[in-house]
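Order of appearance sets the numbers: ligands from 1, and atoms from 1 within every ligand.
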Amino acid sequence: MTFTKTPGWLDWYADPIKPRFQVPAGAVDAHCHVFGPGAQFPFAPERKYTPCDASKDQLFALRDRLGFARNVIVQATCHGADNRAMVDACRASGGKARGVATVKRSISDSELQELHEAGVRGVRFNFVKRLVDFTPKDELMEIAGRIHKLGWHVVIYFEAVDLPELWDFFTALPTTVVVDHMGRPDVSKPVDGPEFELFLRFMREHGNVWSKVSCPERLSVTGPRALDGEQAAYRDVVPFARRVVEAFPDRVLWGTDWPHPNLKDHMPDDGLLVDFIPHIAPTTELQRKLLVDNPMRLYWPEE
Ligand SMILES: O=C(O)c1cc(C(=O)O)oc(=O)c1
């Protein structure tokens, strides 16, 4: 099957620089995706976008180039609940990748067990309306109850304005809950303002809630872009991410978000995204927790 990319699609950056910031040994890129390849793993009929291909081998090459040891591969919405591409990547990684799946209530226990054996340790619930159709909350809660028994967690993706409405559902989840991209704050608003304070309160009052401090390239309004060697990219995002890292050092994760679906403005140089890390995690201790200790505790607890 061949696919035509969504008009205006930006492909991932082909030749990232070697980062100046050397990540600690054993570092985990805890949020990335694979897309297809579409000819082998077709995109889902219900998808809201059609990406370029981004294969497991290309992901593993990026991992090595940036100095990471492992990946957490999150099911991308363009594959719906067909987890084959992500599972194939996890299986091919030789234990160096874990996965986060999208599942429906109709999934059987033996299928869940198969995902577990492949390396899946969580499910993703998506509330971003441009990416997915609505799934009833009772269905999601039923799934959460089932995967909780496997020791998995729930990854949630939502936008800051929707947190008040989703609060009761999120705080009722029985598992560890990992928020994608800091709940997508509007960084043109003050870091001390009510919207981001609600997110911080969510984490403060609920010790099971973790956050990925990822995606400055998506959240930034004023840049500058992580291109052309820029060592101080996305300055407007720094206070938000740094606040989360410093307040909750044991419940934060970081990821490239490669291959960066749906960017409209520019495609960042992933090497420069790695150089963003010391701006938000300024000490070696914070860096080690963010990049090694926390993801290992969540995804490879047996090691
Ligand atoms: O903001 C996005 O467009 C986006 C999309 C997806 C996905 O389609 O799975 O994942 C992400 O982490 C971010």
Under 6.0 Å between the ring centres of F158 and F170?
-> yes
Minimum-distance protein heavy atom relative to atom 6 (C) of ligand 1 = P261 CG, 3.7 Å
By number and element, which atoms of ligand 1 are closer than 4.0 Å to a non-hydrogen atom of Y49?
-> 7 (C), 8 (O)
Would you say N262 has any N or O atom under 3.5 Å from an N or O of ligand 1, going by distance alone?
-> yes
Any atoms of ligand 1 less than 4.0 Å from a non-hydrogen atom of H31? List them with their elements.
-> 12 (O)
F276-W254 aromatic ring centre distance below 6.0 Å | no
Main-chain N/O of S108 paired to E111 side chain as donor or acceptor, under 3.5 Å = yes
Can we say D133 and K48 salt-bridge, meaning some charged N sits less than 4.0 Å from an Asp/Glu carboxylate O?
-> yes
At under 4.0 Å between heavy atoms, what of R124 touches ligand 1? The answer is side chain
Would you say L272 and F68 are hydrophobically clustered, going by side-chain heavy atoms of ILVMFWY under 4.5 Å?
-> no
Of all protein heavy atoms, the one nearest atom 4 (C) of ligand 1 is Y157 CE2, 3.7 Å
With heavy atoms only and a cut-off of under 4.0 Å, state how D257 meets ligand 1: side chain, backbone, both or neither.
-> side chain
Using a 4.0 Å heavy-atom threshold (strictly under), name the region of L131 that reaches ligand 1: side chain, backbone, both or neither.
-> side chain
Between H181, R243, M182, which is the residue that forms a side-chain contact (heavy atoms from CB on, under 4.5 Å) with V213?
-> M182
Do any nitrogen or oxygen atoms of D180 lie less than 3.5 angstrom from nitrogen or oxygen atoms of ligand 1?
-> no
Flag the pair K289 and D250 as a salt bridge only when some basic side-chain nitrogen lies within less than 4.0 angstrom of an acidic carboxylate oxygen.
-> yes
At under 4.0 Å between heavy atoms, which part of R184 makes contact with ligand 1: side chain, backbone, both or neither?
-> side chain
Over 60° means perpendicular and under 30° means parallel, so classify the ring planes of F35 and H33, tilted if in between.
-> parallel
A76: numbered ligand 1 atoms lying under 4.0 Å from its heavy atoms | 9 (O)
Logged contact type for T77 with ligand 1, heavy-atom cut-off 4.0 Å, is both
